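When a ligand or atom number is given, it counts from 1 through the structure's own listing order. Worth saying up front: this structure is predicted, and the values here are computed from it rather than measured.
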Amino acid sequence: MILADIEKKLFTLHTKNITYQMKVDEYGFLLHTYYGAKIENEDMSKFIQYLWRGFSGHPYEMKNVEGNFNWSLDTLPQEYSTYGSGDYRSPALHVINTDGSSDCDLRYNRYEIIEGKPALKGLPATYGSSDEVQTLKIELLDKISGIGVDLYYSVFEQRDIITRNAIIKNGGKGKVWLERAMSMCVDYNIAPNFDLMTFYGRQLGEKFIERAPLRHGKTVADSFRGSSSSQRTPFMILCDNNASETQGDCYGFCLVYSGSFLSEVEQDQADQVRVTMGIQPESFRWELNSGDEFCTPEVMMSFSSEGLGQLSRNYHNIIHHNLTRGKYHLSRRPILINNWEATYFNFTEEQIYKIAEDASKLGIEMLVLDDGWFGKRDDARSGLGDWFVNTGKLPSGINKFCQKINDLGMKFGLWFEPEMISEDSDLFRAHPDWVLRTAGRQGMLGRCQFVIDMSRKDVVDYLYDSISSVLKSANIEYVKWDANRQIANAWTALLPAERQGEVMHRYVLGLYDLLERLTSSFPNILFESCSGGGNRFDAGMLYYAPQTWASDNSDAFARLFIQYGTSFMFPVSTMGAHVSACPNHQTGRISPLETRGVVAMSGTFGYELDTNLMTDEEKEIIKKQVETYKKYYDLINYGDYYRLSDPYKTDRYVAWMFLSEDKSKALVNYVQVRAYANAPAIYVKLQGLKEDSIYIVNGKEYSGRSLMKCGIYFGSENGDMIAKQIEVVEK
Ligand code: DGJ
């Protein structure tokens with residue numbers, strides 16, 4: 001609900017459990033007054049203290065006002081701070097004016113309440129009907145330069161989510177340049193002892209968690225890589241320093257963007273905290289001509305006073321229901337088998353067919369043909385860009401081969417890496433200028449490939465046509481959209497020197513344009529994004545592709561950490577997870593097939609091996625896994641997710657559960673990670689159950705209360721990586 005008190009110029013946003021408030025002060029500055037647990041309609045501006053802080057100045061107009069030494073933009077909580085205004089903290093906006101100056105004096109102009117939520121032109125964003133979401137637009141204006149900023153706040157009341165973004169408009173007469181245009185700025189004038197949680201990683205090890213107390217100055221989690229990256233994730237949490245899964249105040253910030261980004265938290269001289277998030281300013285400079293506007297990506301903000309678990313569930317719900325789209329976003333996805341770890345580049349049509357044939361007998365529903373089916377592509381050195389079938393490898397061609405797979409009762413999916421180009425490819429030979437690199441320089445190679453210049457519309461048009469023609473040629477029902485390197489040498493032949501700072505963002509806009517066109521032209525295709533695993537696993541990509549291959553590390557032990565970290569922001573329905581062969585190709589680890597199944601089915605379940613090489617006994621296990629996954633599909637994918645342990649705190653076990661919306665049924669997953677002889681018993685405390693209800697567990701009756709206070713004992717086995725799943729059903 002959005003309340004606008006016109007007289008007081010007070011704007012209060014309420015969700016089920018959250019209140020966010022701001023107020024225009026007597027000078028027209030939009031000050032932030034409150035963000036946290038729900039309060040009544042109280043004017044919270046009384047909590048702002050006007051205190052003297054030396055070396056923090058005030059605007060000229062207060063020259064003769066009593067108490068002016070206590071009024072400073074440098075210390076007051078603001079909704080959208082600007083560089084050059086006397087606020088020395090991280091700005092949300094830095095504009096270079098036509099005359100080269102950086103002043104930007106934003107004052108309140110007007111507001112509007114919109115039922116529903118306007119789309120963000122060219123950018124991914126949450127969506128919702130007017131029953132689900134309301135939007136507040138506040139217009140700020142610098143009267144001298146004509147620069148206007150429209151702040152958007154969309155309130156998803158039932159989901160406890162408020163989204164923010166800003167549109168910067170050049171209402172002046174001359175050209176201006178944006179040096180920094182953040183999506184949001186949140187100031188905490190009453191800041192508790194916050195911990196900051198960020199998510200870092202690397203290829204084969206994505207979304208590890210780092211939690212540390214905030215310190216003075218700026219703490220940054222960002223990417224310069226042209227993609228959101230696994231090195232840093234565009235998501236962070238500020239929480240009470242004693243916050244746990246089930247208690248404590250937690251604030252989440254999730255950027256819906258797939259390019260270079262910046263998340264910055266600054267604790268200032270007065271222990272106040274500012275959070276800014278948006279496009280990475282370091283590789284950004286945007287020219288705005290008179291009348292032009294620039295739209296920043298969206299940030300999904302959420303708050304929970306009941307700990308990290310509830311904060312994650314808020315994100316799971318909004319992403320599942322109001323961000324992902326398409327035929328498959330709320331319908332059952334096929335269990336797939338992918339040939340990559342089975343064959344890598346080295347396959348024949350017959351071999352792939354045999355994999356499909358055998359898998360179909362085990363209940364697997366879709367074959368995905370990975371890298372190597374097109375152009376001249378027997379290793380990573382060539383072929384990218386040549387999106388036509390290599391009949392040497394696939395003599396039947398895509399259409400006939402796809403039919404053969406369909407005749408087995410299976411769907412057929414295909415791998416692409418549309419954003420890349422190999423030097424050894426027909427496409428490169430025809431269009432060397434389509435490579436994203438500086439003219440006259442050779443540029444950086446990554447996995448022997450260049451990035452295509454998707455900041456160019458002609459290139460995006462070409463890619464749309466060439467990929468569409470493959471997709472039209474056969475009954476393709478799934479696309480794996482890979483991207484195996486990040487951007488360097490961002491320079492395009494189509495823009496003048498002074499506009500090269502736009503290339504990184506224009507690339508992302510080109511990518512989104514291509515994805516939008518393809519996903520709407522082929523609405524029946526399930527898209528899975530991938531970037532050598534989870535190197536671009538972000539909320540922006542999920543708008544186009546409802547699932548992302550979470551990591552190229554398919555080892556069940558490694559996945560316990562990767563999927564645990566990912567679960568802080570993304571629901572299991574978005575996390576690609578497959579059972580692969582043993583010893584595992586990335587770690588050499590041997591873990592039981594049952595365990596690999598339990599871990600992979602807490603994601604978009606599939607296989608990545610050759611079942612022909614398995615024993616009959618193993619095939620029986622696979623059949624059972626497929627049945628189990630189908631049986632619990634709704635619970636796993638639409639139920640609530642609870643983390644029951646922290647793998648960073650114990651090496652003995654990891655446990656998590658899925659709970660149905662009505663809390664009548666749960667599936668508890670437990671992996672004994674390491675066996676210890678004569679070890680103390682572990683009781684896993686469940687969460688979210690109805691305290692007074694009776695639940696049946698392994699044939700015995702327990703109250704919800706006792707399962708949550710005392711827990712379930714899973715026994716102790718000899719051996720590492722032993723998994724168990726237990727069903728909990730209300731009597
Ligand atoms: C990286 C992906 O993450 C893998 O799953 C596989 O598709 C390879 N690329 C193919 O080159």
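Scanning the protein for heavy atoms near atom 4 (C) of ligand 1, the closest one is D552 OD1, 3.3 Å. Ranking protein heavy atoms by distance to atom 5 (O) of ligand 1, first place goes to K480 NZ, 2.7 Å. Distance from atom 11 (O) of ligand 1 to its nearest protein heavy atom, with residue and atom name: D371 OD2, 2.6 Å.
Checked against R447 for a salt bridge (Lys or Arg N to Asp or Glu O under 4.0 Å), the options D379, D371, D482 give a single hit: D371.
Counting only heavy atoms from C-beta outward, the side chains of L414 and K480 never approach each other to under 4.5 Å.
For ligand 1, none of its N or O atoms has an N or O atom of F345 under 3.5 Å away. Taking any N or O of D370, backbone or side chain, at least one lies under 3.5 Å from an N or O belonging to ligand 1. The shortest N or O to N or O distance between D482 and ligand 1 is below 3.5 Å.
Relative ring orientation between Y257 and H505 is described as tilted, the plane-to-plane angle lying within the 30° to 60° band. Using cut-offs of 30° and 60° for the angle between ring planes, the F199 and F568 rings count as tilted.
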Between F527 and Y478, does a ring-ring contact (aromatic ring centres under 6.0 Å, His included) hold up when you go through it step by step?
CA-CA 6 Å; F527 282 76; Y478 164 104; 8.6 Å; no

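Shown here for V626 and G363, the closest heavy-atom pair between the two residues is CG1-O, 3.6 Å.
Between the side chains of S230 and Q203, not a single donor N or O lies within less than 3.5 Å of an accepting N or O. In the model, E608 has no side-chain atom that pairs as donor or acceptor with a side-chain atom of S580 under 3.5 Å.
Contact annotation: E417 has no heavy atom less than 4.0 Å from any atom of ligand 1. Contact annotation: R447 has at least one heavy atom less than 4.0 Å from an atom of ligand 1.
Proximity to N484 (heavy-atom distance under 4.0 Å) selects the following atoms of ligand 1: 1 (C), 9 (N). Remark: ligand 1 atoms within the under-4.0 Å shell around heavy atoms of W549 are 3 (O), 5 (O). Here is the list of ligand 1 atoms found below 4.0 Å of a heavy atom in C530: 2 (C), 3 (O).
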